[in-house]
Amino acid sequence: MKFGFVTCVQLGLSCIEKIYAMQGKLDLLITLKDEKAKKKSGRIYLDDFSEKHQIPLLKINHINDFEVLEAIKEYDLDWLFIIGWSQIASKEIISAPKNGCIGMHPTMLPVGRGRAAIPWAIIKGLDKTGVSMFVLDEGVDTGPILGQYEIEITEDETSSTLYKKVEDSHELLMEKVFPKLGENNYTLTYQDERAATIWEGRKPEDSRLNFEMSVHVVERMVRASTHPYPGAFIETGNIKRIIWEGKIVKEKVDVNTLQFADGFYHVTSFEDIEIS
């Protein structure tokens with residue numbers, strides 16, 4: 001069984017490293033050209049791993065470039081992982097490997113198709129989420145599922161802590177499913193469209209706070225929008241305060257305690273930016 005892997009972020013590299021820790025093998029690595037997405041959060045380079053394990057490395061501008069299609073055919077791939085990659089693969093690309101392309105999504109599909117899965121799980125007050133490995137099709141997160149790993153969400157969960165859990169779960173799921181793919185002994189579970197939900201993308205402006213909000217909404221928003229995301233914020237006068245961390249309190253503690261519609265929120269980590 002021949003495998004390829006497309007990624008440009010640490011999440012994908014962690015999965016690649018897990019495959020090799022299990023004595024697995026990849027026949028082709030694909031990543032962005034060095035000069036692209038230099039400022040992308042978590043951007044990594046595969047040169048060292050490629051050289052160490054003698055894996056051919058193709059650097060591209062876009063997943064749908066003709067050279068990608070040619071490489072899939074040249075290396076006679078059975079499966080192509082596309083993990084930690086924001087560009088949408090075309091029908092031609094996902095149909096090129098003999099068995100198809102595989103992606104991962106940080107929810108228990110069919111719940112939470114779409115974008116911003118980690119912040120939404122916290123904003124919605126869920127007590128669990130997960131990671132799904134699935135075969136890509138022409139829809140958005142709609143393909144048949146190869147495996148899932150459930151994640152508990154604690155009451156004080158932040159995007160930072162949940163992101164780490166999601167990364168660890170990617171590795172655990174890879175450990176569970178990759179051997180089955182290699183043995184051609186996997187099971188596909190088709191998603192129940194009746195249970196499907198779609199979560200929309202989020203912009204930095206969506207994390208704007210105002211003093212008319214419930215303090216409980218504010219508390220969730222801060223936890224959901226903290227690192228690695230841009231942060232929840234509130235504007236007073238010519239100051240934009242980005243709130244990274246805080247907690248609900250019963251009464252005013254000091255000047256960093258904000259009063260909202262139904263309670264007080266004490267800010268413990270923040271960044272003030274002057275608005276021009």
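Heavy-atom basis, side chains included; hydrogens, waters and symmetry copies ignored. All residue numbers refer to positions in the sequence shown, counting from 1.
V140 and Y190 end up in different hydrophobic clusters when Ile, Leu, Val, Met, Phe, Trp and Tyr side chains are linked at under 4.5 Å. Cluster membership for M174 and I82, using ILVMFWY side-chain heavy atoms within less than 4.5 angstrom, is not shared. A continuous path of hydrophobic side-chain contacts links L57 to I44 [ILVMFWY only; heavy atoms under 4.5 Å]. Under a hydrophobic-cluster definition in which Ile, Leu, Val, Met, Phe, Trp and Tyr are linked whenever side-chain heavy atoms come within less than 4.5 Å, directly or via other members, I83 and I94 are assigned to different clusters. Linking ILVMFWY side-chain heavy atoms closer than 4.5 Å, directly or via other members, places F5 and L181 in a single hydrophobic cluster.
Ion pairing between a basic and an acidic side chain is recognised when a charged N comes within 4.0 Å of a carboxylate O; K240 and E274 show no such pairing. At a threshold of 4.0 Å, the pair E245-R223 does not count as salt-bridged, since none of the basic side-chain nitrogens sits closer than that to a carboxylate oxygen. Taking a cutoff of 4.0 Å between a charged side-chain nitrogen and a carboxylate oxygen, D78 and K2 do not qualify as a salt bridge. We find that D156 and K247 are not joined by a salt bridge, their nearest charged nitrogen and carboxylate oxygen being 4.0 Å or further apart. Ion pair D168/K164 flagged as a salt bridge, since at least one NZ, NE, NH1 or NH2 atom sits closer than 4.0 Å to an Asp/Glu carboxylate oxygen. Salt bridge D47/K59: present, at least one basic N to carboxylate O contact under 4.0 Å. A salt bridge links D27 to K25: one of the charged nitrogens lies within less than 4.0 Å of a carboxylate oxygen. Look at E150 and K128 and you find a salt bridge, because one of the NZ, NE, NH1 or NH2 atoms lies within 4.0 Å of a carboxylate O, short of that distance.
Within the model, atoms CG of L258 and CZ of F270 stand 9.5 Å from one another, a figure rounded to the nearest 0.5 Å. Rounded to the nearest 0.5 Å, atoms CD1 (I93) and SG (C101) are 7.5 Å apart. Atom-to-atom distance recorded for L46:CG and L32:CG is 9.5 Å, nearest 0.5 angstrom. For the atom pair CG (L26) and NE2 (H53), the distance works out to 9.5 Å, reported to the nearest 0.5 Å. Taking CE of M104 as the reference point, atom CZ of F81 lies at 7.0 Å (rounded to 0.5 Å). For the atom pair CD (E74) and CG (L77), the distance works out to 9.5 Å, reported to the nearest 0.5 Å.
Under the 4.5 Å side-chain criterion, counting only non-hydrogen atoms from C-beta, H266 is in contact with N256. Using a 4.5 Å heavy-atom cutoff, the side chains of T129 and I153 are in contact. Contact of the L80 side chain with the V6 side chain is registered, since non-hydrogen atoms from C-beta on lie closer than 4.5 Å. Between L109 and F134 the shortest side-chain heavy-atom distance falls below 4.5 Å. R241 is not listed as a side-chain neighbour of T236, based on a closest heavy-atom distance of 4.5 Å or more. For the pair D141/I198, no side-chain contact is recorded, criterion being any heavy-atom separation below 4.5 Å from C-beta on.
Taking a 6.0 Å sphere around CD of E271, one finds it holds more than 12 heavy atoms contributed by other residues, nucleotides or ligands. Crowding of F211 atom CZ: a count of heavy atoms from other residues, nucleotides or ligands under 6.0 Å exceeding 12. For NZ of K91, the number of neighbouring non-hydrogen atoms (other residues, nucleotides, ligands) closer than 6.0 Å is 12 at most. Within 6.0 Å of CD on E205 lie more than 12 heavy atoms contributed by other residues, nucleotides or ligands. Environment of CG in D192: crowded, with over 12 heavy atoms of neighbouring residues, nucleotides or ligands closer than 6.0 Å. Shown here is E193, whose CD atom has more than 12 heavy atoms of other residues, nucleotides or ligands within 6.0 Å. Summarising the local packing, OH of Y149 is surrounded by 12 or fewer heavy atoms from other residues, nucleotides or ligands at distances under 6.0 Å.
Here the closest heavy-atom approach between residue E152 and residue K165 is recorded as O-NZ, 3.0 Å. A pairwise comparison of heavy atoms in L13 and T7 identifies N-CG2, 4.1 Å as the closest pair. Contact record, L58 with I60: CG-CG2, 3.7 Å, taken as the closest heavy-atom pair. Closest heavy-atom contact between G139 and D137: N-OD1, 3.0 Å. Nearest heavy atom pair, residue E157 against residue T161, reads OE2-OG1, 2.5 Å. Summarising the geometry of Y229 relative to A224, their closest heavy-atom pair is CD1-O, 4.0 Å, with the distance given to 0.1 Å.
Counting only distance, with no hydrogens or angles, the side chain of S225 and the backbone of M221 share a donor-acceptor pair below 3.5 Å. A distance-only check finds a donor-acceptor pair linking the side chain of N64 to the backbone of I88 [under 3.5 Å]. Remark: the backbone N or O of K73 is not paired with any side-chain donor or acceptor of D76 at under 3.5 angstrom. Here the side chain of S160 pairs a donor or acceptor atom with the backbone of H227 at under 3.5 angstrom. The backbone N or O of E67 sits nowhere less than 3.5 Å from a side-chain atom of D65 that would complete a donor-acceptor pair. Q54 contributes a side-chain N or O that, together with a main-chain N or O of E51, makes up a donor-acceptor pair within less than 3.5 Å. Using modelled atom types, no side-chain atom of S169 and backbone atom of V131 make a donor-acceptor pair closer than 3.5 Å. Under a 3.5 Å cut-off, the side chain of W120 and the backbone N or O of E200 do form a donor-acceptor pair. Put simply, the side chain of Q191 never gets that close to the backbone of P144: no donor and acceptor are under 3.5 Å apart. Proximity of a side-chain donor or acceptor of Y265 to a complementary backbone N or O of E219 within less than 3.5 Å is not detected.
Stacking of R115 on the aromatic ring of W199 is not recorded, the 6.0 Å distance cut-off and the 45° axial limit not both being met. For the pair K180 and Y186, the NZ or CZ position fails the cation-pi test of under 6.0 Å to the six-membered ring centre and within 45 degrees of the ring normal.
Of the N and O atoms on the side chains of R43 and Q10, not one donor lies less than 3.5 Å from an acceptor on the other residue. A donor atom on one side chain and an acceptor atom on the other are found under 3.5 Å apart for S207 and R202. Side-chain atoms of S132 and H105 include no donor-acceptor pair closer than 3.5 Å.
Aromatic ring pairs are classed by plane angle as parallel below 30°, tilted from 30° to 60° and perpendicular above 60°; the pair F3 and F178 is tilted.
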Could you go step by step and tell me if E235 and R208 meet the salt bridge (Lys or Arg N to Asp or Glu O under 4.0 Å) rule? CA-CA 8 Å; E235 294 180 357; R208 177 188 290 271; 3.3 Å; yes

